[in-house]
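Presented below is the structure to which this report refers.
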Protein chains: 2
Amino acid sequence: MGSGYVTLEQVARHAGVSLATASRVLNGSTRHVGRSLHERVTASAHELGYLANASAQTLARNTSSLVGLIVHDIADPYFSSIASGVTRTAEDEGLVVVLGTTGRTPQRELELLATLRSHRARAVVLAGSRTIEEETTRRLADEITALGARGGRIACVSQEGLPADTVVPSNRDGAAELARHLIGLGHRRFALLAGPNNLRTARDRLDGFHSALSAAGIELDPRNVVHGAFTRDGGYESTRRLLSAETDATCLFAVNDVMATGAVAALRDGGLQVPRDMSVAGFDDIPTLRDLTPGLTTVRLPLEWMGEEAARLALDDDEHTEPRTVPVSGEVVVRASTAPPADA
Amino acid sequence: MGSGYVTLEQVARHAGVSLATASRVLNGSTRHVGRSLHERVTASAHELGYLANASAQTLARNTSSLVGLIVHDIADPYFSSIASGVTRTAEDEGLVVVLGTTGRTPQRELELLATLRSHRARAVVLAGSRTIEEETTRRLADEITALGARGGRIACVSQEGLPADTVVPSNRDGAAELARHLIGLGHRRFALLAGPNNLRTARDRLDGFHSALSAAGIELDPRNVVHGAFTRDGGYESTRRLLSAETDATCLFAVNDVMATGAVAALRDGGLQVPRDMSVAGFDDIPTLRDLTPGLTTVRLPLEWMGEEAARLALDDDEHTEPRTVPVSGEVVVRASTAPPADA
DNA sequence: CGAACTGCGGAAAATGTTTTCCCGACCTCG
DNA sequence: CGAGGTCGGGAAAACATTTTCCGCAGTTCG
């Protein structure tokens, strides 16, 4: 049947009760309704096939059941892992996730935030990694406070510095520890696939790696640091450039796993063997990439858990004046893509 | 300042015009508003920081800007590729995607559909693959007609048989063509990772493969057909079982790439080399898995495009009495994971 | 036995928009 | 100059709920 619109009023009339009573029965309320009326209402609702109008409820209650999730690219396994965690917590709470993708443009991120605000989203998880530009960060902070002025709460993954709760992976320390491991293997000449110049996550990992090198008294040849897109193809492309510049590096660190994947492909296409001719390491430990051959040495982040936790932060409505921070430590995972250098 | 709620009424009062005029200026309308008032309203709106309340608009217009997307598991690259396509079209149209995950339970799928209906979603893309059970299919069909009775349109990816537009990959033909290629390599004894018994996609691929074998006069040893989860670990597990049963197969077909990935890992852990000791083929050509070694022979589906197309079908509001079907052909991609059998 | 309280039901206001009427002003054409 | 038309503006109804307030009955307590 389902001929269209069954409203609460029709249900109330059919059951011979008032709108108020029907509302109290069918959607939660603090108040009790007598047994007989209660049954009459549920029976009518079922018979007519009543389904509450979510917009009307949102309007009347002035709070929705929507949780926003903003990522750069949902096809990127890094983000889809986080998304998986976010949806899990949200759905466990009976909420619905609205997904926005930025395509890595800060402008789009602001638009999405405004859209979510206009939908009265109860919470938002911002998983896109921030750029280092002042201007956009400032406008983002404005949007966030605007959203906070309504009931909406927001949580970020991976970027401190915004006025919001944040799940912060140890990009710096993880990369440093990875670097120490690689140094321990005997490597002294490193190449770095640094990703985009303005991405904070990329910068932090780079910094961490770099500082560990410095601490060990290792110089980094600037020609061995190459910037490019934060994607598989970006990694491939950057590695090609390294090779055509005849790099002297024995070990290559890509700031994330997907770039490292591209790097391995480029090395292979260039006739080099991993790890015999070049060791390769990444960051993230993307589940889908764990079956690569050789297995990628990387820094494991619990991505799904980070998504879950961010959603929890955003949903939990405790009072807290200061933005909270949940640190997440990365664990170095050693696999076959790294080995002592040939000349060691 | 964004101290909270700025309503259209406040804007109207601030600009000294009626609610109607303010509405016509700020949100589209067929009617024109005089130049001076127009400017006054936009100025006031900007000054006060007005942002329309989406629920109120949905309620008044009786149509929302939401597009539903239902998948089994957003962390699965198959679904995240499709999701990427869906979000792209939706966002191009200025719409917002709400994402629901079923965890592969049909019951949850129905719940999500009801939720989306209650939100007056303008369109829904159903990407989860259907089971073969009559009962759930029937109830799903009911939900779909209920949604259609409102303005909502729905489109499916991959499963014909529901009263909705569908993007249909050639699971059967693709698998058959793949089988013919493998037979051409000289294989005669095949093992099949069949996935879950009740999943239509899995069944169709299996059927296609099987029919090509039959056509070539090849018998399939039932002990070489093993069922398991539609996941990487399912593939791993199933392959272990094959190996411990001392399969005589020379070529293994997994009904999707993620299972094939698990299979390759299990073979390697079992001391077998791919393709020397066993050829392996999959289905889908998941982008993230293209860098596997050896490269996986598979059937390529344009997953992102399929998502885009499904969203287009669901959004396009032409009249059409019959459900439409968009066939998508898969292309066999030969890579290094398959080779002639050792005894050929 | 009356006053205060409690439990349950309904009327109606409130939520923030869109949209349908209606009305007045101006314009055009016969 | 008047009839008919268009154009721009506003009042108010509609949209589907929730929630506040009011009142009635029955109960309890002093």
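Heavy atoms only: backbone and side chains are in, while hydrogens, waters and symmetry mates are out. Labels below follow one simple rule: chain letters A, B, ... track the order of the sequence lines, proteins then strands, and each chain is numbered from 1.
- Using a 4.0 Å cut-off between charged nitrogen and carboxylate oxygen, A:Arg138 and A:Glu134 do not count as a salt-bridge pair.
- At a cut-off of 3.5 Å, with distance as the only test, no side-chain donor of B:Tyr78 or B:Asp73 sits close to an acceptor on the other residue.
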Could you walk me through whether A:Leu69 and A:Val71 pass the side chain to side chain contact (heavy atoms under 4.5 Å, CB included) test, one step at a time?
-> CA-CA 7 Å; A:Leu69 167 60; A:Val71 301; 4.0 Å; yes
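- A donor atom on one side chain and an acceptor atom on the other are not found under 3.5 Å apart for B:Thr166 and B:Thr325.
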Contact letters for nucleotides 17-25 of chain C, in which S counts primed atoms plus P, OP1 and OP2 and B counts the base, heavy atoms under 4.0 Å | BBBBB----
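- Between B:Arg139 and B:Glu143 there is no salt bridge, since no side-chain N of the basic residue sits under 4.0 Å from a carboxylate O of the acidic one.
- Atom NE2 in A:His32 sits about 19 Å away from atom C1' in D:dA25, given to the nearest Å.
- Look at B:Arg153 and B:Asp165 and you find a salt bridge, because one of the NZ, NE, NH1 or NH2 atoms lies within 4.0 Å of a carboxylate O, short of that distance.
- Listed by residue number, A:Leu37 are the residues of residues 36-43 of chain A with a heavy-atom contact under 4.0 Å to DNA chain C.
- A:Leu26 has its CG atom 9 Å from the P atom of D:dT18, to the nearest Å.
- With respect to the salt-bridge test (charged N to carboxylate O, under 4.0 angstrom), the residues B:Asp92 and B:Arg312 do not qualify.
- The side-chain hydrogen bond (donor to acceptor under 3.5 Å, both in side chains) test with A:Thr102 singles out one residue from A:Glu109, A:His72, A:Arg108, and that residue is A:His72.
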